[in-house]
Structure formats: structure tokens, C-alpha cells
Amino acid sequence: MKQFGITFLVWVGANGDDLYRLSKGEAVSATIFIDRDGTVEARVSGQIRENELQERIDWLTGDRKGVRPQEFISHVN
């Protein structure tokens, strides 16, 4: 988080039960991007790739103009 200058809250250590309660799936690892208003903007099931992470962080922290990143990506077979 320091490397990318992330100053918003990040939930680390969620498990399958936590994700089930959020109704966002049962896959772990999973990454959910929540904006400042508490809206879920994007989800990645399975291990997120660096370029996917960077693209979503840039979009969420930028002006949100241009092409929005894909809302859901699954790397779970």
C-alpha cells in the first residue's frame, strides 16, 4: 500500500465466510474494490495480476473518465 500511495482502508485477511456474508462469492483469494462512497466498483476472484491491480487503482483514484476497468475478473478454474 505504501508503494502505491494508498491511503484508503484495505481489508486484508478476509476468508470464505466473510466473502459469503458480502454475497461476493466464496473464492479465496478475492479482491474487491470499494470506492469512497462504499460502492463495489470491481471484483477479482483468484490471484490478482499486477496490471489488473494497477489499472483499478488508477481508475479509482483518478478522474474516472475513459474506459472503466472490467467489473469482474475470475482466475478460478
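All of these numbers come straight from a predicted model, not from anything done at the bench.
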Between Glu52 and His75, is there a side-chain heavy-atom distance shorter than 4.5 Å?
yes
_Chi angles and distances behind the side chain to side chain contact (heavy atoms under 4.5 Å, CB included) call for Ile73, Arg56_ = CA-CA 12 Å; Ile73 296 174; Arg56 280 146 188 81; 3.0 Å; yes
Rounding to 0.5 Å, atoms CZ (Arg36) and CD1 (Ile34) come to a distance of 13.5 Å
So, Glu55 versus Asn51: side-chain donor-acceptor pair below 3.5 Å or not? no
Using a 6.0 Å cut-off, check whether atom CD of Gln54 has over 12 heavy atoms from anything other than its own residue. yes
Checklist entry - Hey, are the side chains of Trp59 and Arg68 touching, using non-hydrogen atoms and a 4.5 Å cut-off? => result yes
Q) Side chains of Ser45 and Phe72: does their closest heavy-atom pair fall under 4.5 Å? A) yes
Taken in chain and number order and not counting sequence neighbours, the residues that satisfy side-chain contact (heavy atoms from CB on, under 4.5 Å) with Asp35 are Asp37, Thr39, Glu41, Leu60, Arg64
